[in-house]
Peer 1: 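Pasting a structure here, questions to come.
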2 protein chains.
Amino acid sequence: MSAAAAGRGDGGGDPDAARAGGTGTGPAPYDPYAFEPFAVTVDLAVLTVRGGVLHVLLIRRGQEPYAGAWALPGGFVLPRESAETAARRELAEETGLAPSLVDSLHLEQLRTYSEPDRDPRMRVVSVAFTALVPDMPEPAAEGGGDADRARWVPVGEVTQPAFDHARILADARERVGSKLEYTCLATAFCPPEFTLGELRAVYETVWGTALDRPNFRRKVLATPGFVEAVPGAARLTGGRGKPAALYRAGPATALHPPLLRPTEGPAR
Amino acid sequence: MSAAAAGRGDGGGDPDAARAGGTGTGPAPYDPYAFEPFAVTVDLAVLTVRGGVLHVLLIRRGQEPYAGAWALPGGFVLPRESAETAARRELAEETGLAPSLVDSLHLEQLRTYSEPDRDPRMRVVSVAFTALVPDMPEPAAEGGGDADRARWVPVGEVTQPAFDHARILADARERVGSKLEYTCLATAFCPPEFTLGELRAVYETVWGTALDRPNFRRKVLATPGFVEAVPGAARLTGGRGKPAALYRAGPATALHPPLLRPTEGPAR
DNA sequence: CCAAAAGTGTTGACAATACACCCATGA
DNA sequence: TCATGGGTGTATTGTCAACACTTTTGG
């Protein structure tokens with residue numbers, strides 16, 4: 001164990017100690033190059049619901065390692081960027097979305113992956129984010145950046161992605177599934193105006209369970225600020241049937257009481 | 001924007017691109033020193049309940065910046081360590097706890113703080129963790145490491161801590177408060193054997209609300225695997241009153257249905 | 001008219017609350 | 001015996017799940 005960490009004795013990541021560790025370049029204080037450097041990146045699990053199936057945005061790798069494998073989009077955090085800023089920038093570059101739209105998207109920090117050997121070449125610490133977006137065309141159709149190598153892939157068909165991205169994707173699915181229970185996050189998967197049937201499809205797709213339509217409707221409408229009716233608007237959804245009323249996302253973010261998954265866990 | 005990130009085009013934090021960015025040291029691939037380095041640290045919000053008040057473990061800083069201010073314990077992630085391993089190591093060093101005990105503690109990754117100027121000296125990306133520990137003596141009494149400068153401080157009395165540690169502490173309180181609702185985490189604040197009154201005190205302390213004793217008891221006992229009775233054992237808690245039965249933490253981790261805070265949020 | 005989807009009503013099971021009440025112990 | 005905290009019982013209230021039913025559209 002190096003003296004840099006063992007004897008630091010200062011709260012909060014104190015770079016003073018850097019002079020005593022790593023490659024040992026001398027006693028100069030605050031020497032940013034004294035340690036073997038860590039690369040800091042972001043990885044993005046961008047999820048959407050297309051045709052009743054949860055999809056994730058993946059990019060085909062062109063280089064070793066994992067050449068030809070699918071990987072989550074992501075990239076380096078630049079010297080003057082926060083991780084979230086880097087995530088939004090990468091999202092814009094790799095999907096071809098308008099920056100104004102990217103700025104308003106729901107982006108949530110998932111967790112940070114820091115196993116020493118998660119990248120075989122060097123030490124890479126990656127801050128993972130989850131982005132929830134409404135259904136949109138294939139990234140290639142919009143062009144720009146790396147979008148030509150990006151594709152929406154059903155999460156069930158993702159096999160052997162690069163690095164530890166299978167784990168990140170699993171964590172993202174878990175997080176989103178449980179966040180639907182106690183937040184109003186589901187509207188992030190929907191276009192600006194949506195029917196309650198479409199909102200219900202989000203829950204059913206992410207959870208993989210069917211929900212009782214009348215009860216779901218009551219629950220959503222009984223939660224103040226979850227959705228707001230668009231007066232007079234209606235739209236046909238399945239081609240047939242009664243046109244459904246349209247709603248917008250409301251100002252609420254929390255869901256009290258929560259909307260729990262049915263038949264989940266060892267209920268008492 | 002540097003070409004390193006803009007043109008990366010490879011999923012998953014690809015160090016190949018490092019040669020094109022930062023200090024520009026040449027075309028050698030995988031050059032770990034090509035970028036202005038990021039320091040990666042961990043910060044720990046170690047919480048406990050002492051005498052009905054939530055406390056956090058803080059360390060008095062000895063050096064500038066923020067000399068004399070309180071700071072969360074933490075330190076550098078070593079080259080061959082994951083962030084969680086680093087967090088456990090720092091926890092052992094700064095509290096003087098036995099490593100075996102530290103290994104079994106509940107440690108949860110909170111989030112990563114990466115604002116470019118959160119440390120005035122250099123770029124420090126910090127992975128924050130929350131640890132929940134039972135009430136224990138002052139760190140100084142156990143000695144070892146930096147424990148002589150560490151103290152338990154009531155969270156209400158923490159003013160102007162170093163760096164962005166006020167934000168980290170606030171996020172930790174928020175996270176722990178909501179985790180009590182839908183997980184069995186409260187037992188992590190208790191000693192190995194505890195009474196239901198002590199468990200209830202954890203909820204009341206963290207939430208700052210009173211709970212109905214009989215209903216709390218029924219709720220906990222009705223959740224399978226939350227607590228397990230210690231047969232025949234009993235202990236006096238307040239000096240007076242009927243001795244209370246003792247319980248151990250059970251194998252369950254989730255709480256279905258959740259134990260919601262009373263009068264919380266805009267209930268429907 | 002039929003199928004399909006939206007929307008409304010009703011009912012029974014069960015959970016949460018708010019208490020009243022009893023038990024065991026120290027002072 | 002009184003104060004204090006543990007433990008039990010119970011009635012009211014409300015919420016949720018299940019399902020029957022009506023409405024509105026396209027074929």
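Please read these numbers as outputs of a predicted model, since none were measured by experiment. Residue numbers start from 1 in every chain, and the chains themselves are labelled A, B, ... in the order their sequence lines are given, proteins ahead of strands. Note: hydrogens, waters and symmetry copies are ignored here, and every other heavy atom, side chains too, is used.
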Peer 1: To the nearest Å, how far apart are Arg217(B) CZ and dA16(C) C1'?
Peer 2: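 To the nearest whole Å, that distance equals 17 Å.
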Peer 1: Could you check whether any side-chain N or O of Thr205(A) sits under 3.5 Å from a backbone N or O of Val49(A), counting only pairs where one atom can act as donor and the other as acceptor?
Peer 2: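 No; judged by distance alone, with no hydrogens or angles, the pair does not exist.
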Peer 1: Using the salt bridge (charged side-chain N to carboxylate O under 4.0 Å, His left out) criterion, which residues pair with Arg88(B)? Sequence neighbours excluded.
Peer 2: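 Only Glu84(B) meet the salt bridge (charged side-chain N to carboxylate O under 4.0 Å, His left out) criterion with Arg88(B).
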Peer 1: Distance-only criterion, 3.5 Å: show the donor-acceptor pairs between side-chain atoms of residues 230-242 of chain A and protein atoms not counting sequence neighbours.
Peer 2:
from	atom 1	to	atom 2	distance (Å)
Arg235(A)	NH1	Glu198(A)	OE1	3.4
Arg235(A)	NH1	Glu198(A)	OE2	2.4
Arg235(A)	NH2	Glu193(A)	O	3.1

Peer 1: Could you identify which residues of residues 193-202 of chain B place a heavy atom less than 4.0 Å from some atom of DNA chain D, listed by residue number, or say none?
Peer 2: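 DNA chain D contact set from residues 193-202 of chain B: Gly197(B), Arg200(B).
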Peer 1: Using whole Å, what does the distance between atom P of nucleotide dA15(C) and atom NE2 of His256(B) come to?
Peer 2: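 Interatomic distance, NE2 of His256(B) to P of dA15(C): 15 Å.
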Peer 1: Can you tell me which nucleotide in dA5(C), dG7(C), dG5(D) comes closest to the side chain of Thr237(B)?
Peer 2: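 Looking only at heavy atoms from C-beta outward on Thr237(B), the closest nucleotide is dG5(D).
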Peer 1: Check Ala71(B) against Ala162(B) and note the closest heavy-atom contact, atom names and distance.
Peer 2: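 Taking every non-hydrogen atom into account, CB-CB, 3.9 Å.
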Peer 1: So Ala234(A), base contact, sugar-phosphate only, or nothing? Heavy-atom distance under 4.0 Å.
Peer 2: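 Answer is nothing: Ala234(A) stays at 4.0 Å or more from every strand.
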Peer 1: Check whether Trp70(B) forms a cation-pi arrangement with Arg61(B) (NZ or CZ under 6.0 Å from the six-membered ring centre, at most 45° off the ring normal).
Peer 2: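 No, Arg61(B) does not lie over the aromatic ring of Trp70(B).
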Peer 1: Give a yes or no on whether the backbone of Thr112(B) and the side-chain of Thr112(A) come within a donor-acceptor separation of less than 3.5 Å.
Peer 2: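 Checked: no pair found.
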Peer 1: Atom pairs under 3.5 Å, N or O on each side, protein against nucleotides 20-24 of chain D: can you list them with distances?
Peer 2:
from	atom 1	to	atom 2	distance (Å)
dT24(D)	O2	Lys242(A)	N	3.3

Peer 1: For the residue pair Pro258(B) and Pro258(A), what are the closest heavy atoms and their distance?
Peer 2: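 Shortest heavy-atom contact: CG-CG, 4.1 Å.
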Peer 1: For DNA chain D, whose closest nucleotide is more 5', that of Ala244(B) or that of Asp212(A)?
Peer 2: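 The residue whose closest nucleotide sits nearer the 5' end is Ala244(B).
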Peer 1: Expressed in angstrom and rounded to an integer, what is the separation of Leu246(B) atom CG from dG6(D) atom P?
Peer 2: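 About 12 Å, once rounded to whole Å.
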Peer 1: For the backbone of Met136(A) and the side chain of Arg50(A), can you confirm whether one donor and one acceptor N or O come within less than 3.5 Å of each other?
Peer 2: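 Confirmed, Arg50(A) side chain pairs with Met136(A) backbone.
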Peer 1: How many whole angstroms separate atom CG of Leu255(B) from atom P of dA15(C)?
Peer 2: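 My rounded result for the distance is 14 Å.
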Peer 1: Strictly by ring pair (Phe, Tyr, Trp, His ring centres under 6.0 Å), give each pair with a member in residues 188-214 of chain A just once, sequence neighbours left out.
Peer 2: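 Those involving residues 188-214 of chain A are Tyr203(A)-Trp207(A), Tyr203(A)-Phe216(A).
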Peer 1: In whole angstroms, how far is the C1' atom of dG6(D) from the CG atom of Leu221(B)?
Peer 2: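 Distance check: Leu221(B) CG to dG6(D) C1' gives 12 Å.
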Peer 1: Apply the side-chain contact (heavy atoms from CB on, under 4.5 Å) test between Trp152(A) and each candidate in Leu58(A), Leu47(A), Val46(A), Asp135(A); give the one that qualifies.
Peer 2: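 The side-chain contact (heavy atoms from CB on, under 4.5 Å) with Trp152(A) is passed solely by Val46(A) among Leu58(A), Leu47(A), Val46(A), Asp135(A).
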Peer 1: Leu211(A) has an atom CG; how far is it from atom C1' of dC19(D), in whole Å?
Peer 2: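 Interatomic distance, CG of Leu211(A) to C1' of dC19(D): 16 Å.
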Peer 1: Please check if the side chain of Thr48(A) supplies one atom and the backbone of His55(A) the other of a donor-acceptor pair under 3.5 Å.
Peer 2: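 No.
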Peer 1: Out of Asp171(A), Asp164(A), Asp43(A), which residue meets the side chain to side chain donor-acceptor pair (under 3.5 Å) rule with Tyr113(A)?
Peer 2: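 Passing option: Asp171(A).
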Peer 1: Using atom CZ of Arg235(B) as one end and atom P of dG5(D) as the other, report the distance to the nearest whole Å.
Peer 2: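 It works out to 15 Å between those atoms.
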Peer 1: Quick one: which protein N/O atoms are closer than 3.5 Å to N/O atoms of nucleotides 10-13 of chain D? Pair and distance per line, please.
Peer 2:
from	atom 1	to	atom 2	distance (Å)
dT10(D)	O4	Arg218(B)	NH2	3.1

Peer 1: Return the value, rounded to whole Å, for the distance between atom CG of Leu236(A) and atom P of dG7(C).
Peer 2: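 Going from Leu236(A) (CG) to dG7(C) (P), I get 11 Å.
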Peer 1: May I ask you to verify if any side-chain N or O of Arg240(A) is less than 4.0 angstrom from the OP1 or OP2 atom of dA3(C)?
Peer 2: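 Negative; the distance criterion is not met.
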